[in-house]
Structures are given as structure tokens and as C-alpha cells.
Number of protein chains: 2
Amino acid sequence: MRRSKKERQRLLTSTIEDNPFITDEELAEKFQVSVQTIRLDRLELSIPELRERIKTVAEKRFEDEVRSLPLEEVIGEIIDIELDQSAISIFDVKAEHVFKRNQIARGHHVFAQANSLAVAVINDELALTAKANIQFKRSVKLNERVVAKARVTKIDDHAGRTFVEVNSFVNNEQVFSGQFEMYRSKNNKG
Amino acid sequence: MRRSKKERQRLLTSTIEDNPFITDEELAEKFQVSVQTIRLDRLELSIPELRERIKTVAEKRFEDEVRSLPLEEVIGEIIDIELDQSAISIFDVKAEHVFKRNQIARGHHVFAQANSLAVAVINDELALTAKANIQFKRSVKLNERVVAKARVTKIDDHAGRTFVEVNSFVNNEQVFSGQFEMYRSKNNKG
DNA sequence: CCGAGTATTATGACTAGGTACTAAGAGTAG
DNA sequence: CTACTCTTAGTACCTAGTCATAATACTCGG
């Protein structure tokens, strides 16, 4: 035995993990054993064959893509909306949204939810944030669900400005508040 | 002919585009032609076989992964930093950052760059945004490069607050300004 | 209606990268 | 020596193709 079986299998796992595109033949060469041994190892470790591994990687990318597509227009999921009046969205804080060190959501995600809700509530082709005054009341942590509530406070058709107030909560506890001054193209249908 | 050859090939292209995981057999079934016809079509259109398509998708994911890792901690790329004093980062506006309709960068990305720069400039274990007052001076468009400059204006060790001003520019033209009040854990080394 | 040319389908041989199974030899521990 | 694990070898089979060749089917101009 060049290496103990356990040692080889440990290395095999990590090797495949950081290069799922490696074939059994290449692995056999790398560990100086027969292809059959590699196959037995994979069987024992329940590591799928090359093609299945590649497929999994590809499928995950596809999932991520659909997950990031709705994210493209609105951060969080809008669950209620009355144009030019009010809107509510929810946003679940996942691992990718927090600082690794302390599991606290990075501010820009909480802001992004509020900001995109402010954009969404406006009944217009073009809505952009002009100014914002925001406060982070308490930090949001991993796995918490943030509910953002937007309310249109004032519409100034002349200036083409709409004022939106957004308050975000986790379990009825306020975590964020923001006043948004939104630019809108003046030619509103209403 | 059920459909003209051209029509079928047009549909074939788009079908494979939005589902690269489809086999020739499934395609043959779908278009009511033989598998051989599908293969001839792919040959003419130079569409690779299933396995190659999946591999490409998987490889792209791998590339994306390394690209999105540095993005995890800071939005934009920090090119200069003096802790507790100033910092500069650049952020290139790509297709995924803009509204499809008008190619204007969504506000939260510009905010995210500024916010994460404000976090980065602070010489502390823990830095969180408490409040922010921001203005979007003009809209940022696709392919523009935003340069954000952060300057620490005041450090209040007693209250555990640091004030950071961030101004962002595209070609020396200001696009964003923000005053950030940052929370920091009081036990600073300095 | 016939032939030319295009389009389609069929057939056979081969490939990579496997699975599943059987068999056999090497080394080692009791 | 026997029992056992570990390793290697070999076979048949699989999927989703490739390439090449041949035989049809359709369609249009004359």
C-alpha cells in the first residue's frame, strides 16, 4: 500500500471536491492505484461519477440563476402592493448576506430591500432614488426574516418627486427606517 | 415536413438555449423528427452535444464562484486604504447591476459600494452602519466605473461612533454622496 | 410525370466514462 | 493455515453521443 486506504479516501474526497471534473483514470494515476480501486473508493464514499458531478455543478448554477433573476428587479419578495400607496416585502437573511465573523447582515442588503420596495411602490415607468435618510435600529442576524413596509407620504407632481417611508421589522421589532425621496418621470398616467 | 427546416432549427436553438440539459432523443420527440435529424441540425448550427453543453455550464459556474468570492466582503475593489482615515474603491457597473428598461444602475448597488467602503475604512473588529444620509446626484449607467472615496470625519470613542463621508464619482463627476454614522465596538487598539 | 437536389431516416461501427458483477491474487492478523 | 481485507482484472451493459454510408422521401422546375 502506497498510502493507507483511509488516507487515500480522505485525499480522494478533497481532490474531487476542489476539482469535480477529474476522471477515475486521472485519479488512479494520481494515487498510483488501479481504476477499479478508485471506483470502489467512490462507491464506499458514495461519490457519484464524473458526469453526475458535472451535472450537479451545472444544475446548481441554473438554480442560482433563477434565484438571482427575480432578485434583479426587487430585493426580497413583494407580498402586497398598492401602487402609489403602500407595499410590503419579505427578505430572508441567508448565509450570503451576513458578515462571516459575526453573522450580522451587511447593511446594504437591508437597504437594498427597502430601496427596491420604494422603487416598486411607485406607479411609474421610471423611478430612481434621489435622496435617502436611513437608520439601522438594530442589527439583523442570519436566518431572520425582515418584513419591510413602504408607505408613500407625498407625491409632488410638479417637481416629479415622490416621498416614501420604509420601516423594516423582524418579529415586530423595528430594525430599519428610511425616508426616500424618489425621482419619477412626470408624465404619470393618473 | 411538419415545419420548415429553418423554423425547426430556429426553435431548436432557443429550446437548447433555455434548457441545455435536453437530450437529442427528447428533442426528436419534441419536434417529431428522428434523432438523426436533430443531430444533423446540431451539426449545421454547431451546437455541441449534451455533455459538452452541461460541462460548459458547470465550468462557467466555477469561474463565477471565484469572481463572487472577493465580492463577499466588499462591493467594489479597494485600491487604496488608510485605516481610520480614508479609502478608495472602484466598481464597474455591469449588466446585472442595471434596470433592464433604462440601463441605469439600481441605487442599492451604488449605496452598497459606499457602505462597504465605510465599513472597510474603520479600524475595528466590528463595524456596522447606524445611520446614513445619502444623495444620488445623477444616475449611473451601464459600463460606467464608479470611484468611491471615503473619508473619516470624526471618531467618537466614548459613544463608539465613527462618522464617514463617502463621495462617488464617474469621470470626476459626482454621482453620489453619503454621510455614514458607523457603530464600532469601543475597545479600539489605538 | 420525371429527374435533380434537398431533407430525412436508418444502419453499423466506435467512443468516453462510467455501473454492476464475478473472480482471483496479495498481504496480514489471529 | 485460515479468514479477512484490499486490490486488481475482466466481462457485459449503459448512455449519449460521434462519424460515415446508404437508402428513402419530398419538392420543385421543366
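A, B, ... follow the sequence lines: proteins, then strands. Residue 1 opens every chain. This is a predicted model, so every value here is computed, not measured.
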Rounding to a whole Å, what distance do you find between [X]:[atom1] and [N]:[atom2]?
X	N	atom1	atom2	answer
A:Leu40	C:dA23	CG	C1'	13 Å
A:Gln9	D:dT5	CD	P	14 Å
B:Ile54	C:dG18	CD1	C1'	15 Å
A:Arg8	D:dT8	CZ	C1'	12 Å
A:Glu52	C:dG18	CD	C1'	10 Å
B:Glu29	C:dT9	CD	C1'	16 Å
A:Glu26	C:dG17	CD	C1'	11 Å
B:Glu7	C:dT8	CD	P	13 Å

Under the 3.5 angstrom rule, does the side chain of A:Thr37 hit a backbone N or O of A:Val33 as a donor-acceptor pair? no
Measure from the side-chain N and O atoms of B:Ser86 to the backbone N and O of B:Glu82, and report whether any donor-acceptor pair falls under 3.5 Å.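 Side chain of B:Ser86 to backbone of B:Glu82, a donor-acceptor pair under 3.5 Å: no, none is there.
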Each nucleotide of nucleotides 13-25 of chain D classed B (base within 4.0 Å of a protein heavy atom), S (only sugar-phosphate) or -, in 5' to 3' order, makes --BBBBS------
Are any of A:Thr37's side-chain N or O atoms less than 4.0 Å away from OP1 or OP2 of D:dT7? no
Give a yes or no on whether a salt bridge exists between [X] and [Y], defined as a side-chain N under 4.0 angstrom from a carboxylate O.
X	Y	value
B:Arg138	B:Glu173	yes
B:Arg184	B:Asp156	no
A:Arg10	A:Glu7	yes

Which atoms form the tightest heavy-atom contact between A:Asp41 and A:Lys5, and what is the distance? OD1-CE, 4.2 Å
